[in-house]
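Naming convention: chains lettered A, B, ... in sequence-line order (proteins, then strands); numbering from 1 in each chain. If you're wondering where the values come from, they're calculated on a predicted model, not measured in any experiment. Just so it is clear, the values below take in all heavy atoms, side chains as well, and ignore hydrogens, waters and symmetry mates.
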2 protein chains.
Amino acid sequence: MSVLPATQISHIRQTLENQIDTGLLQAGSRLPSDRVLCELFGTTRITLKDALLALEADGRIYREKHKGWHVSYPRLDYNPLYKLYFQRMVTLQNRSVETKVLATRELLASATLTREMELPALSKLYQICRLRYLDGRIVSYVEHFLKPARFPGILEQDHTKSLTQTYEEHYGLHFSRSRFSIYPAAAYGEVAQQLNITAGSPILMIKRINYDQHGTLVDCDHEYWRHDAVRIVVDSQDQQTADAPDPVPVPAGM
Amino acid sequence: MSVLPATQISHIRQTLENQIDTGLLQAGSRLPSDRVLCELFGTTRITLKDALLALEADGRIYREKHKGWHVSYPRLDYNPLYKLYFQRMVTLQNRSVETKVLATRELLASATLTREMELPALSKLYQICRLRYLDGRIVSYVEHFLKPARFPGILEQDHTKSLTQTYEEHYGLHFSRSRFSIYPAAAYGEVAQQLNITAGSPILMIKRINYDQHGTLVDCDHEYWRHDAVRIVVDSQDQQTADAPDPVPVPAGM
DNA sequence: AAGTGGTCTAGACCACCCA
DNA sequence: GGGTGGTCTAGACCACTTT
């Protein structure tokens with residue numbers, strides 16, 4: 001009764017999707033090599049790749065460079081309104097997180113950062129680069145940019161645990177406010193390398209700007225997420241934000 | 001002094017990106033046809049396509065089926081905490097929105113919807129399908145699912161203006177709370193067709209469940225956004241949500 | 001009717017991973 | 001060293017849009 005797929009690509013996609021949905025292919029399990037799949041579906045590597053790319057775009061499968069295609073795991077719920085400990089957000093979902101520090105350095109703020117953090121020209125920043133593992137798998141590459149004046153000596157500290165916690169314990173700082181900007185993008189260069197994905201692969205970008213208890217902008221971070229690993233969850237219960245004044249009726253016809 | 005790109009793909013990508021950044025290619029303008037670009041870069045259509053797909057994943061260019069590649073427009077800021085009128089959110093950014101109603105019908109809730117809306121088995125729902133245009137371009141395909149008991153006769157009304165407004169004016173309803181779930185996905189079938197994109201193209205999925213002033217779940221909607229057309233913006237200013245109790249310190253080493 | 005993008009074939013070589 | 005995925009070539013045919 002069902003309509004036959006119009007193309008080989010959608011046929012391959014639907015077949016694999018079906019095998020995943022019915023549990024024949026489980027989360028984390030590896031698909032056969034592309035040459036084997038080509039044989040299986042009687043097609044060429046390019047056609048097969050188009051089907052796999054569509055499943056990747058949909059977050060159903062993922063790949064690590066030179067290590068084949070795997071079935072994706074359930075997404076982590078990321079709630080931007082749950083401000084304090086990222087680690088706690090993860091453990092509440094019965095999952096585990098690890099953090100690896102890649103580098104800490106002082107640098108000159110780029111043009112984009114200068115704008116985003118409202119800095120004067122030629123400002124210096126501290127940068128902390130980290131890699132986050134969810135249940136043992138790499139899920140995000142994170143860059144923190146800190147205003148040096150507020151965090152003397154922080155580059156020498158241990159950053160494998162929560163940075164937010166370090167802020168509180170050593171600098172008496174807690175966040176009163178964070179501004180998030182979230183959008184789909186692609187990974188290149190260092191980011192793609194660290195996430196172990198092909199340049200040009202889709203990711204989810206999460207940028208965050210943080211203000212301390214005095215309302216002062218103190219740091220920001222750029223999180224590059226594997227796009228199949230996360231879901232943004234927001235609950236607007238009885239909230240009214242500053243930039244949402246009393247609503248005015250909109251003219252008809254809009 | 002700069003490192004030469006390792007591959008043709010990244011060379012093509014960087015060249016086009018540069019032309020866009022410097023304004024030589026402006027938002028909305030069409031790239032030359034793929035055969036012309038192949039000639040220009042001395043490569044084949046498949047290699048060129050890989051480069052264009054990477055730029056598409058990054059939201060720099062977009063395509064309409066059989067109509068070529070175009071430079072993307074600036075993203076719309078979408079603030080889930082700004083609850084009331086979507087139309088107003090758009091006009092505040094000095095942009096224009098239009099809505100086209102595609103279909104209205106009564107249907108049996110799917111398994112997924114039944115779970116998401118906490119319905120008993122075999123429930124009926126009203127469905128309203130709409131297409132949203134931002135500055136004249138299609139940006140999202142939206143499906144609303146309404147609990148029929150709460151909205152008698154609504155299928156016969158005009159849905160080209162704000163649905164939220166209709167709720168208020170005709171059914172004395174306003175939202176006290178909305179739960180959002182946002183994640184990257186791919187477009188297939190009806191969605192891809194209406195958005196005029198190729199099946200398997202990346203999109204941004206925004207699911208929303210709405211509660212009225214009595215805290216009762218009344219409707220939900222599924223928004224399929226062109227993934228380069230939107231950015232999620234959240235400001236957590238002094239907010240504490242119900243599912244974020246007093247934070248407990250996390251054991252060291254997490 | 002001409003031109004465009006979408007799909008598809010049948011190969012090749014290389015870089016990287018693992019045994 | 002064998003197998004894998006990533007890159008790349010040089011074509012073909014079809015569906016769709018535009019003129």
Side-chain angles (χ1 to χ4, degrees), chain A residues 4-16 29-57 61-71 137-138 186-189 192-202, chain B residues 4-16 29-57 61-71 137-138 186-189 192-202:
Chain A
L4 284 177
T7 63
Q8 287 186 61
I9 294 176
S10 59
H11 171 239
I12 298 171
R13 177 175 57 72
Q14 284 171 26
T15 304
L16 291 175
S29 69
R30 186 170 165 283
L31 301 187
S33 82
D34 60 355
R35 271 121 176 144
V36 171
L37 287 173
C38 285
E39 182 112 3
L40 217 60
F41 290 105
T43 185
T44 58
R45 289 180 73 202
I46 290 188
T47 301
L48 180 81
K49 195 189 176 195
D50 283 343
L52 294 176
L53 285 177
L55 284 166
E56 184 193 43
I61 61 176
Y62 68 96
R63 54 184 160 154
E64 293 177 44
K65 228 180 168 185
H66 291 290
K67 282 200 233 171
W69 297 86
H70 297 257
V71 178
R137 291 170 303 115
I138 298 177
Y188 301 123
Q193 218 169 312
Q194 293 294 347
L195 292 177
N196 197 23
I197 59 182
T198 309
S201 293
Chain B
L4 285 177
T7 64
Q8 287 188 61
I9 294 176
S10 59
H11 171 240
I12 298 171
R13 176 176 57 72
Q14 285 171 24
T15 304
L16 291 175
S29 70
R30 186 169 165 286
L31 301 187
S33 82
D34 59 356
R35 271 124 174 140
V36 171
L37 288 173
C38 285
E39 182 112 5
L40 217 60
F41 290 105
T43 186
T44 58
R45 290 180 73 203
I46 290 188
T47 302
L48 180 81
K49 195 189 176 196
D50 283 344
L52 294 177
L53 285 177
L55 284 166
E56 183 193 43
I61 60 176
Y62 68 96
R63 53 184 161 155
E64 293 177 42
K65 229 182 167 183
H66 290 289
K67 282 200 233 171
W69 296 87
H70 297 256
V71 179
R137 293 170 303 117
I138 297 177
Y188 301 124
Q193 218 169 310
Q194 293 294 345
L195 291 177
N196 197 23
I197 59 182
T198 310
S201 294

Non-neighbouring partners of B:Arg137 that pass side-chain hydrogen bond (donor to acceptor under 3.5 Å, both in side chains), sequence neighbours left out | none

Test side-chain hydrogen bond (donor to acceptor under 3.5 Å, both in side chains) applied to B:Arg30 - qualifying residues, sequence neighbours left out = none

For A:Thr198, all residues meeting side-chain contact (heavy atoms from CB on, under 4.5 Å), sequence neighbours excluded = A:Arg63, A:Lys65, A:Ser201

Round to the nearest Å and state the distance from B:Leu52 atom CG to C:dT4 atom P.
-> 15 Å

Would you please name every residue forming a ring pair (Phe, Tyr, Trp, His ring centres under 6.0 Å) with A:Tyr188, sequence neighbours left out?
-> none

Any residue meeting side-chain contact (heavy atoms from CB on, under 4.5 Å) with A:Ala187, in chain and number order, not counting sequence neighbours = A:Val191, A:Ala192, A:Ile197, A:Ile203

Euclidean distance, atom CD1 of residue B:Ile61 to atom C1' of C:dG5 [Å, nearest integer] = 13 Å

Using the 3.5 Å cut-off, write out each protein N or O paired with an N or O of nucleotides 4-11 of chain D and the distance between them.
unit_1, atom_1, unit_2, atom_2, d
D:dT4, O3', A:Arg30, NH2, 3.4
D:dG5, OP2, A:Asp34, N, 2.7
D:dG5, OP2, A:Asp34, OD1, 2.6
D:dG5, N7, A:Arg35, NH1, 2.6
D:dG5, N7, A:Arg45, NH2, 3.4
D:dG5, O6, A:Arg35, NH2, 3.3
D:dG6, OP1, A:Arg63, NH1, 3.3
D:dG6, OP1, A:Thr198, OG1, 3.3
D:dG6, N7, A:Arg45, NH2, 3.0
D:dG6, O6, A:Arg45, NH1, 2.8
D:dC8, OP1, B:Gln8, N, 2.8
D:dC8, OP2, B:Ile9, N, 3.2
D:dC8, O3', B:Gln8, NE2, 3.0
D:dT9, OP1, B:Gln8, NE2, 3.3
D:dT9, OP2, B:Thr43, OG1, 2.6
D:dT9, OP2, B:Thr44, N, 3.4
D:dT9, OP2, B:Thr44, OG1, 3.3
D:dT9, OP2, B:Thr47, OG1, 3.2

